[in-house]
Amino acid sequence: MARFRCRACGKEDSFVYDGRHTCPNCGSAAVQFALGVEEIPDDHPLIEAMRRLAEEGNEKNED
Ligand SMILES: [Zn+2]
């Protein structure tokens, strides 16, 4: 189980991670995931993907 917060639709909720990197509610990529790090191996691709999404989000949306 993980949590997400979407910048596009404002939805914040928990969901079952299924490999997508988009909002479970609206499908936007402007979503932040909050997975428990202890649930994920350090070398999991999702770690890198979340880091990249966070950096892109910070560059594109400064609010
Ligand atoms: Zn959304």
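Only heavy atoms go into these numbers, but all of them, side chains included; no hydrogens, no water, no symmetry mates. Numbering of ligands and ligand atoms starts at 1, following listing order.
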Exercise. By side-chain hydrogen bond (donor to acceptor under 3.5 Å, both in side chains), which residues pair with Arg5, not counting sequence neighbours?
Worked result: Gln32

Problem set entry | Set of residues satisfying side-chain hydrogen bond (donor to acceptor under 3.5 Å, both in side chains) with respect to Glu12, sequence neighbours excluded | none

For this session: Return the number of protein N, O or S atoms with a distance to the Zn ion (ligand 1) smaller than 2.8 Å.
Result: 4

Exercise. Should Arg3 and Phe15 be marked as a side chain to side chain contact (heavy atoms under 4.5 Å, CB included) after you check the CA-CA gap, both sets of side-chain angles, and the distance that decides it?
Worked result: CA-CA 6 Å; Arg3 295 189 60 81; Phe15 74 110; 5.9 Å; no

Please tabulate, for side-chain N and O atoms in residues 22-31, each donor-acceptor pair with protein atoms closer than 3.5 Å (sequence neighbours left out).
unit_1, atom_1, unit_2, atom_2, d
Ser28, OG, Ala30, N, 2.9

Problem set entry | Ion pair check, Glu48 and Arg51, cut-off under 4.0 Å | yes

